[in-house]
Amino acid sequence: MNYVFQFNVVWDHFPELLAGAWLTIELSATAMALGLCLAVICAYGKSAGPPAIRWLVAGYVELIRNTPFLVQIFIFYFSLPVIGIRLTANTPALVGAYASEIVRAGIDAIPQGQVEAARALGLKRLQIFRFIIIFPALKTVYPALASQFILLMLSSSVVSTISAVELTAITNSLQSTTFRSFEFYFVATGLYLVMSLGFRASLSAIYWAVFERGRTA
Amino acid sequence: MRMCVRAFALVMLIALPAMLGGQPLRAESTLDKVLKEKKLRVAIDVGNPPFGILDKDGQPDGSDVAVARQMAKDMGVELEFVQVPSTGRIPSLLAGRADVTIASISVTTDRAKAVMYCHPNGALSIVIFGPKSTAIAAPADLVGKRIGITRATLEEATVPKMAPQGSNIVWFDEIGATIQALLSGQVDAVAMTSFAGKTVADGNPDKQIETKLTVTTAFYAPIVRHGDFELREWINTWIFLNTQNGTLAAIYKKYTGIDLPPLPVF
């Protein structure tokens, strides 16, 4: 069969696609920041908290990591309103669990001797966690965290099913009204690629600014 | 003279294989291919009651499905269903995954830019419905309300145009998700076919769901790819005969519960 590509339709709607891409970036950046905070809290709770907290965190992490993302967002979006909680479609809050296992791996990699040394020097518990544990731990697992965050950005396309108007949703709407599906999906793919590379570059820059600037190896 | 001979030789070189080999000079049409392979691939949407649904055994059912079954039977070929969501009804046809889409696609000029319509084989109304407690009596009442619609449907083409400034339209990928959004209270009202609305209302009597507004009434028709005139003509012939003998009316009545209105042709 021969198909005539018509990209001019796509350029007519390019501002809408860019608006969708911007929402994807906003959602992903928010989810990354929240996810990292949640991951650090969970990792702290799991490695240093009392047994009850440990069980709670372990349960949360296993529940989120071992169930499909799509089912989770359906539960959040369609089931919670039944008990009176009406979240908007743009609420991305389920991601902490994925990052928390990575952060915990980094914490496990810190030699116990360092923590004991810090304790011997009279550092307080929170100081130990901040300077001796979490900072080097995050540095160790940073590449794994960064690729987890890129995956997070790509999986944000799933929230289009619950009416968030990010890039995939806009693309779907445009292709369903213009019927130029090949063209729109090609351009959307290109935009996702650009965003991935952009996030990768930003994350590298953050690594440099936080862990390398002004430090001698 | 020499030029003439050369030109003649060139023409013969191109034409001879076709003449000797007995190859047809026109390309094989989709109808040729269907008849040769003895298989008709029909794209259907089984998430759109009562036109396309899955029965309790997980098998496709509904008025579109019944039409497709009868059509393939009368053509004397095997039927292969290509199940697509509402957003995939036109793309799957354009991508060559199906030969024809029979999925209650209402006739619009925008869609005709991408595909060719056969004659209509049914009619539907798009209505806005919601719980009794939600007050909507005129389009102006939509202001400030969240109205759920499904992508790639007639409601997507009509509701945003009739809804006044200030109404909040929420898009979903599948009718199932739109219905779920209404039942869970994520939206105040939804727009879809009157039949789907009735199914939802009957299935959830406790929600007291009622029809608020009729957005539009339209005829729907099977679609084929641009250029597939032979297949389109065969389907039109089939629709003509089955309008005459009452088969289409019987299928429509069985699944929608109402009488098939007189079908126009174009």
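Everything numeric here is computed off the predicted structure, so don't read it as measured data. Order of the sequence lines sets the chain letters (A, B, ...), proteins ahead of strands, with each chain counted from 1.
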Residue [X] excluded, over 12 heavy atoms near [atom1] under 6.0 Å:
X	atom1	value
Arg54(A)	CZ	yes
Lys38(B)	NZ	no
Phe186(A)	CZ	no

[atom1] of [X] to [atom2] of [Y]: how many Å apart, nearest 0.5 Å?
X	Y	atom1	atom2	answer
Arg180(A)	Ile90(B)	CZ	CD1	11.5 Å
Ile162(A)	Gln186(B)	CD1	CD	8.0 Å
Ser160(A)	Asp173(B)	OG	CG	4.5 Å

Between [X] and [Y], which heavy-atom pair has the shortest distance, and what is it?
X	Y	result
Phe179(A)	Asp110(B)	CE1-O, 3.5 Å
Phe172(B)	Ser163(A)	CE2-CB, 3.8 Å
Tyr77(A)	Ser184(B)	O-OG, 4.4 Å

Checklist line | Contacting region of Ala157(B) [heavy-atom separation from chain A under 4.5 Å] | finding: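 Neither part; nothing is under 4.5 Å.
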
Check: Is chain A contacted by the side chain of Glu156(B), its backbone, both, or neither, given a heavy-atom distance below 4.5 Å?
Finding: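 For Glu156(B), the contact with chain A is made by the side chain alone.
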
Notebook entry, point to check: What residues of residues 78-89 of chain B sit under 4.5 Å from chain A when you count only heavy atoms?
Noted result: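 Thr87(B), listed by number.
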
Checklist line | Under 3.5 Å side-chain donor-acceptor pair for Ser176(A) and Arg151(B) | finding: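 No donor-acceptor contact under 3.5 Å links the two side chains.
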
